[in-house]
Structure formats: C-alpha cells, structure tokens
Amino acid sequence: MTVMVEAFAHRAREAKIPRTLTTHFPMGRPLGAVGDRSRQRDVLEHAFGLLATATAPGAVEQYPNAWRMAPADS
Amino acid sequence: MTDENEQVRPETVAEFLQSFSYGSRNDLNFKFFKSIDEDAAKEFIRSLLDLLGDSYDSGELGPLVDLAIDAQIAGYRPDPDNPGKAAVHDDGPLTESDVPLADARVGLVTTSGHFVRGDDPEPFGVKSMTQREAIDRIGEFLRTEPTLSEIASDTSHENLMVRHGGYDITSAAIDPNVCFPIDVLADMRAAGTIGSVADTLFSFPGATAQGLLRKAVPSWIERFRREQIDLLLLVPV
C-alpha cells in the first residue's frame, strides 16, 4: 500500500501514485510548520485515512485545513 | 573613471523575476517567480502589500502565506501550451489493505535530502558539502544519480542532517518533521494508530537526473521490501 503527501495537485495527478493527499502549504513544508506536531500528525492521519476511502488508483484528495504557524503551546 | 555618457541599462521586470531562481536574489522559497508572467507578478506584489497593510490591524499573517502558496502553485503549474518534460507515468495499482492500519508496519521515503551525521553521501566526492555549495552546484545535481540515504528510525534530531539545492531547507533543518516525519510516525506508533515503523527510513535529494533516478528505483524498491513494510509513505518536497 502506498500513500503520498504532496504540495502540488498537478504533480500528484501526473505521478499516479495510488493515494495522494495534497496540502496547501509552502514548498518544503508539506506536513506543516516547524514544531506543529499536532498539525503534522493530523496531515498523516488524513493521508492514512485514504487507505479506507480511496476506491480507484490515482486518488488525490486535498487536506481540508489551511497553513498555520505553530501554536505557542506546541 | 565613469564615462558620463555611459548608460546603465535598467533591469527589466523579467530579469528581476528570474534573479530569484539561482540568480543575484536567489531565494528558493520564491524561485517560482521566474515562471510567472509580469502581469501576475505585479498583481502578486499589489496583493502582498494590500494584505500586509491589513495585517497591521488584524495581526493575521495567514492570508499573506496563502497568497504566497497560491503564487507558488501557479508558478509550478505546467504551461498547457508548453508542457516541457512533464513526467508521464503508467497507471499505478491500488493494492487493497489486508492489514489494519493499527497493525501496519510503515516505511518512509522522502525527497527532502536528509541523511545521518557520519553517513554523508558526499556528492561529487565533496566532504561536508554546505547548503550554499549544493545550491551553487544545482546544475550538476540535476545531471547526477542521487544517493539513497538510510536513516535509522530512532535517529536523534542532533544526528539528522539535511542538504538539498532545490528548496529552502530552513524549516527542515530546524524540525525534520515538516517533511521527514520521523517523530510523528513514532508518536503514531506509541498511540497505536499504526502498528510499527520500519527500522530504516529513506531519503534522497529529489533535484536529480530523473532518467538515472528511474534506472535506480528497481534496486531501491528491493531495499524498501527488506523492511517488510505493509505501507509506504512518500513525501516529496
């Protein structure tokens, strides 16, 4: 089983990876901001969630949450 | 002595935009400027200043970052009239899961350019190559087969290094989890979300010769398989 987290939807569609979660985040930080462990983990949980929801190869889904700076308490 | 009649040619907008991509204003966060047209660049700067002014009162920087990300996506989107060397891949399979995620052994491959201290891939035979030199030699990287680095999944931050001439590594050097989620996977294993993490994780700098990469991949896959994983997580930067 394969899952990819990627910043660019067009590249994900070209790559035809079985399951891809795209994140609307700055290049080089596809999982979230420095120190934002809860957001980084949430991204991976969404990505792994595709194992249950993807029904055809090349599934591309957009992560629903916007970029944020790390919360002060993280 | 300056010739009073000598005319200094003003920089064009196109030259200004190009300079952010390995030029006099090199900034890997904004190297996509070279790919956006002049009107889009002017609109970007206008919107940037507009949102910056708003932030004085709101304190909200999110709209500024969103603007930059939208521009980044537009900058990297292939021109439909000139797609260039866009990657073309075969349709991939969709292997159904026969192992619950909570029992799955998870592997990781990233193009972030991470490696372990003491196991520097030493590109072009250079010991302790700096990020600056990697940026300066990006053209050579793009003609060379990459080295796949093996990273033990219990490697400490202190021993995890990163170098990549194609993107801004500032965040990745401070917190590898922004693109190499070594601690996030450990957290998920500890919480029982996933079953286990492979003993060895993998990374290479994705700015590389794509044809040579394609030739290398079959042998790399054998190395991934030796980790006896159920699930492979790919994180390109």
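What you see is a predicted model; the values in this text were computed from it and never measured. By convention in this document, chain letters (A, B, ...) are assigned in the order of the sequence lines, proteins followed by strands, and residues within each chain are numbered from 1.
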Smallest separation among heavy atoms of A/Phe25 and B/Gln72, with atom names:
O-NE2, 3.3 Å
Scanning both residues in full, the closest heavy-atom pair of A/Met27 with B/Val237 reads CG-O, 3.5 Å
Which region of B/Val235, side chain (C-beta onward) or backbone (N, CA, C, O), has a non-hydrogen atom less than 4.5 Å from a non-hydrogen atom of chain A, or is it both or neither?
both
B/Gln228 CD: over 12 foreign heavy atoms closer than 6.0 Å:
no
Is it the side chain or the backbone of B/Ile194 that comes within 4.5 Å of chain A heavy atoms, both, or neither?
side chain
Among B/Asp70, B/Val109, B/Ile169, who wins on heavy-atom pairs under 4.5 Å with chain A?
B/Asp70
Would you list the pairs meeting salt bridge (Lys or Arg N to Asp or Glu O under 4.0 Å) in which at least one residue belongs to residues 188-200 of chain B, sequence neighbours left out?
B/Arg105-B/Asp199
For the atom pair CG (B/Leu108) and CG (A/Leu44), what is the distance rounded to the nearest 0.5 Å?
9.0 Å
Counting only non-hydrogen atoms closer than 4.5 Å, does B/Thr193 touch chain A with its backbone (N, CA, C, O), its side chain (CB onward), both, or neither?
side chain
Can you find a pair of side-chain heavy atoms, one from B/Val106 and one from A/Phe48, that are under 4.5 Å apart?
yes
Between B/Thr95, B/Leu231, B/Val184, the one whose heavy-atom pairs under 4.5 Å with chain A are most numerous
B/Leu231
Looking at B/Arg77, B/His164, B/Met188, which has the largest count of heavy-atom pairs under 4.5 Å with chain A?
B/Met188
State, to 0.1 Å, how close B/Pro236 and A/Val5 come at their nearest heavy-atom pair, and which atoms those are.
CD-O, 3.1 Å
For the candidates A/Ala56, A/Ala47, A/Ala54, which exhibits the highest count of non-hydrogen atom pairs separated by less than 4.5 Å from chain B?
A/Ala56
Testing the basics here: between A/Met1 and B/Val99, what is the closest heavy-atom pair and its distance to 0.1 Å?
CE-O, 4.3 Å
Heavy-atom pair count under 4.5 Å with chain A, highest-scoring of B/Asp183, B/Thr110, B/Thr170, B/Asp230
B/Asp230
Quick one: what part of A/Ala33 sits under 4.5 Å from any heavy atom of chain B, side chain, backbone, both or neither?
backbone
Value rounded to 0.5 Å, distance of CD1 in B/Ile229 from OG1 in A/Thr2:
7.5 Å
Turns out that what part of B/Asn29 lies under 4.5 Å from chain A's heavy atoms comes down to side chain
If one checks every heavy atom of B/Leu101 against chain A at 4.5 Å, the contacting part turns out to be side chain
Using a 4.5 Å cut-off on heavy atoms from C-beta on, say whether the side chain of A/Arg29 contacts that of B/Asp168.
yes
Residue pair A/Pro26 / B/Val65: nearest heavy atoms and the distance that separates them:
CG-CG1, 4.0 Å
For A/Arg68, is the CZ atom crowded, meaning more than 12 foreign heavy atoms sit under 6.0 Å from it?
yes
Less than 4.5 Å apart, any side-chain heavy atom of B/Asp66 and any of A/His24?
yes
Do you know the tightest heavy-atom contact between A/Asp36 and B/Asp175?
N-OD2, 4.5 Å
Region of A/Thr55 in contact with chain B, defined by heavy-atom distances below 4.5 Å
backbone
Please name the residue in the list A/Met4, A/Glu6, A/Arg19 that meets the side chain to side chain contact (heavy atoms under 4.5 Å, CB included) test with B/Leu234.
A/Met4
